[in-house]
Amino acid sequence: MMDKLENISLDMSSIMVIFGGTGDLTKRKLMPALYNLALDNLIPENFVVVAIGRRQYSQEAYKKEIYEAIEKYSRNKISDDIWKRLEGMIHYYQLDFLHMEGYGALKEYLQKLDQGYNTKGNRLYYLAVAPEYFETIVSGLQDSGMAVSEGSWSRLVIEKPFGKDLKTASALNKALLKVFPEKSIFRIDHYLGKEMIQNIMVLRFCNSIFESIWNNKFIDNIQITLAEKLGVGTRGGYYEHSGAMRDMIQNHIFQILSLVAMEPPVNLKTDSIRSEKLKVLEAIEDITPEFLKNNVVFGQYGPGFIDGSFVPGYRQELNVPPDSMTETFVAMKLHINNFRWAGTPFYIRTGKRLGKTSAEIVVQFKSLPNILYFKDYEIQEPNLLVLKIQPSVGVFFQFNTRDFSSHNGIVATKMDTSHYSPTQGNTPEAYERLIYDILRGDGTLFSRWDEVEAAWTVADKLIQYRESKKHQFPNYDAGTMGPIRSFELLARDGRKWWHIEN
């Protein structure tokens, strides 16, 4: 663990400046996360939160809204003592961040807080705003002299999407690097903050029983599923420019894929882990026209029933054109061309308005010859290792054993563990882990630019293919698990999507 500590700043004293302090992300995720960090005594004594918004608020009115948001969204009930401590750290500052002349006054305000709270000039700038404002805010920080300060640290946090394609992502990255060094830029992918995602490396590299067989000699295929019952809701305008490819595949799924398939890092330093993840993305097979034709399925949901209630199709959602060709579902098969994984297919799928909400990774091991204790009419299930990311959080392993109710039958049995067991209590929300790591300067769970670049290189080809073809949308009913072709994708290989009960 000493290697790991080399990356970490032991002094977390700082001012956390949230641009978008009145927005949904701040109220639903950031402030509840800060409350729970305070509850777990993980926030430093010398710490201040400055929430920036355009609206006019008194300090009391703003804090009242934040209290109500924490009460609604926190994983723990509010304790008066903890809230009183956090409340004293929160300050609201009115600023239209599009107007450059206002940044000078903000600088003076932060300097006064520095003196009063002894935060040593350290800054965490969290851009909880739409991506089109990233460059504007960063320019304001640079022009006002707030981006860097000698003898202290400054860190920039941005949410996805990181551009809409490789070209725009590269342009954004160049603009950010003019102001902040790469090591100070934290690109948030909240999926990487989830407990089971962090547990992938522990399961692999701390258990010889798994790592010794974590390769193409023993694994038949690996499936990654991120499924949602929800539709786009009021986000139709955003989703029209995003689709499932930009919203889920380019970031969440490729990040999970890289963690599942990476080689063991040489040490626990942030860059060592990130470099191994990058190698996976660079080893993804060539995205040729033939590959696209045979291995990618796009879908869009039509009307249907979710939990017995009728829901509209995507084209009937708010701010969605009636002839929209935006995909709400993607399934694909790909290979990673290296010595560990050559020949082992990775199946990935994600979609909205599906029959269940779940995120899981299924590792299917190769089956043994059906010789012993096997009759023609019996089906011997393969061994499965299932990592349940949400809503259940845990791991189970499926193996075969004798059916003691018959003479020589075989049944599949599961060994199951869960992070919801009473002895372990609640698991931290993703943003708690991520904010804590940012304060410590630990970038392991954040994307380095070359990872983002490699992911966009693959995603761009998939998006261009989808946009160049006329698809028969909608092609799956809400409440199902996607287009028929997504099932045929595996069926032609003699495989199936595993349906794991949560």
Side-chain angles (χ1 to χ4, degrees), residues 75 189-228 252-265 268 273 276-277 280 336 340-341 344-350 354 356-368 380-401 411-430 432-434 444-445 481 495-502:
R75 66 183 174 89
D189 182 342
H190 68 270
Y191 257 81
L192 297 189
K194 294 183 181 295
E195 287 289 291
M196 190 47 57
I197 297 300
Q198 297 169 52
N199 201 28
I200 291 173
M201 286 197 296
V202 175
L203 283 171
R204 286 189 54 190
F205 304 137
C206 295
N207 294 288
S208 60
I209 191 172
F210 293 136
E211 180 55 22
S212 61
I213 59 174
W214 205 264
N215 55 58
N216 54 9
K217 294 182 179 64
F218 298 97
I219 293 177
D220 179 83
N221 72 90
I222 294 179
Q223 301 177 15
I224 301 172
T225 296
L226 304 185
E228 296 179 86
H252 300 331
I253 286 186
F254 280 171
Q255 283 291 319
I256 294 172
L257 173 69
S258 64
L259 284 170
V260 170
M262 66 185 278
E263 295 294 323
L268 292 178
I273 295 171
E276 296 303 334
K277 290 167 58 186
V280 172
I336 296 170
R340 181 183 290 265
W341 296 114
T344 299
F346 287 74
Y347 299 102
I348 61 180
R349 63 174 172 173
T350 183
L354 298 180
K356 67 175 183 175
T357 293
S358 68
E360 61 204 15
I361 302 162
V362 180
V363 180
Q364 178 180 333
F365 294 93
K366 291 182 177 180
S367 297
L368 292 171
Q380 184 175 329
E381 295 286 352
N383 296 151
L384 303 176
L385 178 67
V386 182
L387 284 68
K388 298 181 288 185
I389 302 167
Q390 69 177 33
S392 296
V393 182
V395 182
F396 76 75
F397 182 64
Q398 175 178 292
F399 61 99
N400 292 309
T401 186
V411 294
T413 302
K414 298 179 179 68
M415 291 192 297
D416 201 346
T417 183
S418 172
H419 276 237
Y420 287 126
S421 69
T423 57
Q424 293 178 341
N426 290 325
T427 57
E429 292 294 325
E432 296 170 37
R433 165 65 67 182
L434 296 173
T444 305
L445 297 176
M481 287 304 294
R495 300 184 176 99
K496 65 179 181 178
W497 291 109
W498 288 99
H499 179 80
I500 307 300
E501 294 293 341
N502 288 307

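These numbers were taken from a predicted model, which means no experiment stands behind them.
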All heavy atoms of Q198 vs all of G193, minimum pair found to be NE2-O, 2.7 Å
Taking V363's backbone N and O only, do any of them form a donor-acceptor pair with W498's side chain (distance below 3.5 Å, no angle check)? no
Distance col, row I200:CD1 vs I256:CD1, nearest 0.5 angstrom, shows 6.5 Å
Below 4.5 Å, heavy atoms only, C-beta onward: do I273 and M262 meet side chain to side chain? yes
Does a side-chain heavy-atom distance below 4.5 Å link N199 with L387? no
Measuring from atom CZ of F346 to atom CG of N221, what distance do you get when rounded to the nearest 0.5 angstrom? 9.5 Å
With sequence neighbours left out, which residue pairs that include part of residues 254-265 fulfil the salt bridge (charged side-chain N to carboxylate O under 4.0 Å, His left out) condition? E263-R340
Cationic N near anionic O, under 4.0 Å, E360 to K388: no
Using only atom types and a distance under 3.5 Å, with no angle test, would you say the side chain of N215 pairs donor to acceptor with the backbone of K217? yes
N/O donor-acceptor pair under 3.5 Å between K277 side chain and L257 backbone: no
Tell me, please, which residues at least two apart from F397 pass ring pair (Phe, Tyr, Trp, His ring centres under 6.0 Å). none
Going by side-chain hydrogen bond (donor to acceptor under 3.5 Å, both in side chains), name the residues that satisfy it together with E276, two or more places apart in sequence or in a different chain. K279
First locate atom CG of L192, then atom CZ of R433, and finally report the distance between them rounded to the nearest 0.5 Å. 12.5 Å
Heavy-atom check, side chain of W341 versus side chain of I219, under 4.5 Å: yes
So does D189 get a backbone contact from the side chain of Q255, meaning a donor-acceptor N/O pair under 3.5 Å? no
Is the shortest side-chain heavy-atom distance between H499 and K356 below 4.5 Å? yes
Value rounded to 0.5 Å, distance of NZ in K366 from CG in N383: 13.5 Å
Minimum side-chain heavy-atom gap P265-F205 below 4.5 Å: yes
Where R495 and D220 come nearest, the two heavy atoms and their spacing: NE-OD2, 2.6 Å
Minimal heavy-atom distance between A261 and R204, with the atoms involved, is C-NH1, 3.8 Å
Hey, does the side chain of S358 reach the backbone of A227 with a donor-acceptor pair shorter than 3.5 angstrom? no
Any residue meeting ring pair (Phe, Tyr, Trp, His ring centres under 6.0 Å) with Y191, in chain and number order, not counting sequence neighbours: H252
Report the C-alpha distance between W214 and N207 in whole Å, list the side-chain angles of each, state the deciding distance to 0.1 Å, and finish with yes or no for side chain to side chain contact (heavy atoms under 4.5 Å, CB included). CA-CA 11 Å; W214 205 264; N207 294 288; over 6 Å; no
Close side-chain approach of Q398 and V386, heavy atoms under 4.5 Å: no
Rounded to the nearest 0.5 Å, what separates atom CD1 in I222 from atom CD1 in I361? 8.5 Å
Is L385 close to L203 at the side-chain level, that is, under 4.5 Å between some pair of heavy atoms? no
Among all residues two or more places apart in sequence or in another chain, which pass the side-chain hydrogen bond (donor to acceptor under 3.5 Å, both in side chains) test with E228? K352
Minimal non-hydrogen separation, F365 against I213, with atom names: CE2-CD1, 3.5 Å
Distance from K194 atom NZ to L434 atom CG, nearest 0.5 Å? 10.0 Å
Listed partners of T225 passing side-chain hydrogen bond (donor to acceptor under 3.5 Å, both in side chains), at least two apart: R349
Hey, does the side chain of E211 reach the backbone of C206 with a donor-acceptor pair shorter than 3.5 angstrom? no
